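All values derive from a computational prediction rather than experimental measurement.
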Amino acid sequence: MSTVYTGIPVRGLRATARALSGPAAAVAGLGVCCAAVLIGDPTTPGGPLPVCPTKFLFGIDCPGCGGMRMAYSLLHGDLAGAVHYNAVALVFVALFAWSGIAWTVGRLRGRAVRSWLHWRRTPLVVAVVFAVWFVVRNLPFAPFTGLSV
């Protein structure tokens, strides 16, 4: 049974540590992934990081193509490069950061804090955004050819 969402804010060191254990594990996992991207340098062709299977097999950009290069640019503080590689993924990075903060605050408060993941139309909006991004970035004429990575 979960003692996290009891409606009572956490009190004491042990309860706070228990409430923060999930978010801490998520941040640690994210840190490992960021370290792998920094070490692997996805902007260099032929590196140790895998190529997108969709790009490799079909020669088209999927909605996530350029995501690792976007993360690499973002980790180096190059916001323009991050937008160039995958603008939609960059927006989702911000949205998931908001969700992570809401999750952490909710665990400390003892009650759920709503974020964009709890909105009624979120699945539909995400599906439409991904579908439109998938089509638009693969259109073979200007100005859309600049979206391909």
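For Arg14, the side-chain contact (heavy atoms from CB on, under 4.5 Å) partners are Arg18, not counting sequence neighbours. Taking the side-chain contact (heavy atoms from CB on, under 4.5 Å) definition, one finds that Val125 meets it with Arg121, Val129, sequence neighbours left out. Listed by chain and number, the residues in a side-chain contact (heavy atoms from CB on, under 4.5 Å) with Cys34 are Leu30, Leu75 (sequence neighbours excluded).
Clustering ILVMFWY residues whenever any of their side-chain heavy atoms sit less than 4.5 angstrom apart, transitively, puts Leu139 in a cluster other than the one holding Phe134. Hydrophobic cluster membership is shared by Val135 and Phe141, with clusters built from Ile, Leu, Val, Met, Phe, Trp and Tyr side chains linked at under 4.5 angstrom. Cluster annotation: Leu124 and Phe130 are assigned to the same hydrophobic cluster (Ile/Leu/Val/Met/Phe/Trp/Tyr, side-chain heavy-atom contacts under 4.5 Å, transitive). Cluster membership check: Val83 shares its hydrophobic cluster with Leu74, using side-chain heavy-atom separations under 4.5 Å among Ile, Leu, Val, Met, Phe, Trp and Tyr.
Under a 3.5 Å cut-off, the side chain of Arg137 and the backbone N or O of Cys65 do form a donor-acceptor pair.
The list of side chain to side chain donor-acceptor pair (under 3.5 Å) pairs with a residue in residues 50-71, not counting sequence neighbours, reads Lys55-Asp61, Asp61-Ser148. Applying the side chain to side chain donor-acceptor pair (under 3.5 Å) test to residues at least two apart or on different chains, the pairs with a partner in residues 80-95 are Asn86-Trp133. Within the structure, ring-ring contact (aromatic ring centres under 6.0 Å, His included) contacts touching residues 47-72 (residues at least two apart or in different chains) are Tyr72-His76.
Other residues, nucleotides and ligands contribute more than 12 heavy atoms inside 6.0 Å of the CG atom of Leu57.
Taking both residues in full, the closest heavy atoms of Val10 and Ala19 are given as CG1-CB, 3.9 Å, listed atom of the first, atom of the second, then distance.
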Counting only pairs under 3.5 Å, give me each side-chain donor-acceptor contact of residues 89-104, with atom names and distances, residues two or more places apart or in other chains.
{"residue": "Ser99", "atom": "OG", "partner": "Leu95", "partner atom": "O", "Å": "3.1"}
{"residue": "Ser99", "atom": "OG", "partner": "Trp116", "partner atom": "NE1", "Å": "2.6"}
{"residue": "Thr104", "atom": "OG1", "partner": "Gly100", "partner atom": "O", "Å": "2.9"}

Which side-chain N or O atoms in residues 44-51 pair as donor and acceptor under 3.5 Å with protein atoms at least two apart or in another chain?
{"residue": "Thr44", "atom": "OG1", "partner": "Asp41", "partner atom": "OD2", "Å": "2.7"}

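Residue Ile39 is found outside any hydrophobic cluster, as its side-chain heavy atoms come under 4.5 Å of no other Ile, Leu, Val, Met, Phe, Trp or Tyr.
Rounded to the nearest 0.5 angstrom, Leu108 CG and Arg11 CZ are separated by 12.5 Å.
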